[in-house]
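Reviewing the structure listed below.
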Amino acid sequence: QVQLVESGGGSVQAGGSLRLSCAVSLDSFSDRCMGWFRQAPGKEREGVAVIGTDGNTGYADSVKGRFTISKDNAKNALYLQMDSLKPEDTAMYYCAARAARIDSWYSCWSAYARASFPYWGQGTQVTVSS
């Protein structure tokens, strides 16, 4: 059974940091385009960050310079380091995966822009207070 399980969310004051983790029980983890997305109450889901199979990364303009996406292929784990958090970062955060061995960096980025990922976690809540 495909599982993506997020953890690491919580409540933090503005300016603080959190590190989200996503444990992935998919085969060929290293061959998958992976992404982080978020959805705030009353708003549409938006992309936060994406990482390709060769380690290329991309970020939403709103988080550039503050968030860092990374992965550990040996542990089948995806991470999102979030620094200098702002109240507008408050949302449910989801990790997502593409199918294995189908993506170039270009197609990974394109899929991220459309949130076209077939596998999703249940989400972890991040709340930032001012």
Side-chain angles (χ1 to χ4, degrees):
Q1 182 178 357
V2 173
Q3 277 194 320
L4 289 79
V5 180
E6 302 93 339
S7 61
S11 297
V12 64
Q13 288 192 326
S17 297
L18 285 173
R19 188 192 194 209
L20 305 185
S21 298
C22 177
V24 181
S25 62
L26 287 167
D27 62 350
S28 304
F29 173 77
S30 62
D31 294 329
R32 297 178 185 269
C33 169
M34 300 291 300
W36 285 100
F37 297 82
R38 67 187 181 187
Q39 187 166 20
K43 295 187 177 181
E44 293 188 354
R45 181 177 53 194
E46 63 175 351
V48 176
V50 61
I51 186 165
T53 58
D54 54 0
N56 283 337
T57 59
Y59 298 91
D61 287 344
S62 60
V63 307
K64 277 181 183 176
R66 301 188 298 120
F67 290 11
T68 303
I69 188 172
S70 63
K71 63 178 182 173
D72 186 332
N73 290 331
K75 295 182 178 180
N76 275 30
L78 180 71
Y79 304 103
L80 185 69
Q81 177 66 41
M82 305 187 296
D83 299 318
S84 302
L85 282 160
K86 303 176 181 180
E88 50 264 44
D89 294 319
T90 295
M92 186 71 79
Y93 283 71
Y94 301 89
C95 68
R98 295 268 292 166
R101 293 181 293 276
I102 66 167
D103 284 309
S104 63
W105 169 240
Y106 176 78
S107 64
C108 175
W109 175 259
S110 296
Y112 160 79
R114 295 177 284 111
S116 179
F117 284 64
Y119 307 111
W120 292 82
Q122 293 299 307
T124 186
Q125 178 67 39
V126 171
T127 303
V128 184
S129 59
S130 57

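If you read the sequence from its start, that first residue is 1, and numbering goes on from there. In this text, all values refer to a predicted model and were calculated from it rather than measured experimentally.
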So, for [X] and [Y], which heavy atoms are closest and what is the spacing to 0.1 Å?
X	Y	answer
Arg101	Ser28	NH1-OG, 2.7 Å
Thr53	Asp31	CG2-C, 3.3 Å
Ala91	Ala40	CB-N, 3.8 Å
Ser17	Ser84	OG-N, 4.3 Å
Gln125	Met92	N-SD, 3.5 Å

Pairwise salt bridge (Lys or Arg N to Asp or Glu O under 4.0 Å) hits with a residue in [range], at least two apart:
range	value
residues 65-81	Arg66-Asp89
residues 103-130	Arg98-Asp103
residues 45-55	Arg38-Glu46

Cluster check Leu26, Ile69: I/L/V/M/F/W/Y, side chain < 4.5 angstrom: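 Yes, it is one cluster - the side chains of Leu26 and Ile69 are joined through contacts under 4.5 Å.
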Can you pull the ring pair (Phe, Tyr, Trp, His ring centres under 6.0 Å) pairs that have at least one residue in residues 17-46, sequence neighbours excluded?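 Counting only pairs at least two positions apart or across chains, the ring pair (Phe, Tyr, Trp, His ring centres under 6.0 Å) contacts touching residues 17-46 are Phe37-Tyr112, Phe37-Phe117, Phe37-Trp120.
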Ring pair (Phe, Tyr, Trp, His ring centres under 6.0 Å): which pairs involve residues 38-90, sequence neighbours left out? none
What's the separation between atom [atom1] in [X] and atom [atom2] in [Y], rounded to the nearest 0.5 Å?
X	Y	atom1	atom2	value
Tyr94	Gln39	OH	CD	5.5 Å
Met34	Ser70	CE	OG	11.5 Å
Cys33	Trp105	SG	CH2	7.0 Å
Leu20	Ser7	CG	OG	8.0 Å
Leu85	Thr127	CG	OG1	10.5 Å
Glu88	Ser62	CD	OG	8.5 Å

Please confirm whether the backbone N or O of Val5 pairs with a side-chain atom of Gln122, one donor and one acceptor, at under 3.5 Å? no
I'd like to know if the side chain of Gln13 reaches the main chain of Ser129, judged simply by a donor and an acceptor atom lying under 3.5 Å from each other, with no hydrogens or angles considered. no
Quick one, Arg32 with Ile51, criterion side chain to side chain contact (heavy atoms under 4.5 Å, CB included). Give me CA distance, side-chain angles, the key distance, then yes/no. CA-CA 9 Å; Arg32 297 178 185 269; Ile51 186 165; over 6 Å; no
Do the non-hydrogen side-chain atoms of [X] and [Y] ever get within less than 4.5 Å of each other?
X	Y	answer
Met82	Val48	no
Asn76	Ser25	no
Cys108	Val50	yes
Leu4	Leu78	no

Partners passing side chain to side chain donor-acceptor pair (under 3.5 Å) against Asn73 (at least two apart in sequence or in another chain): none
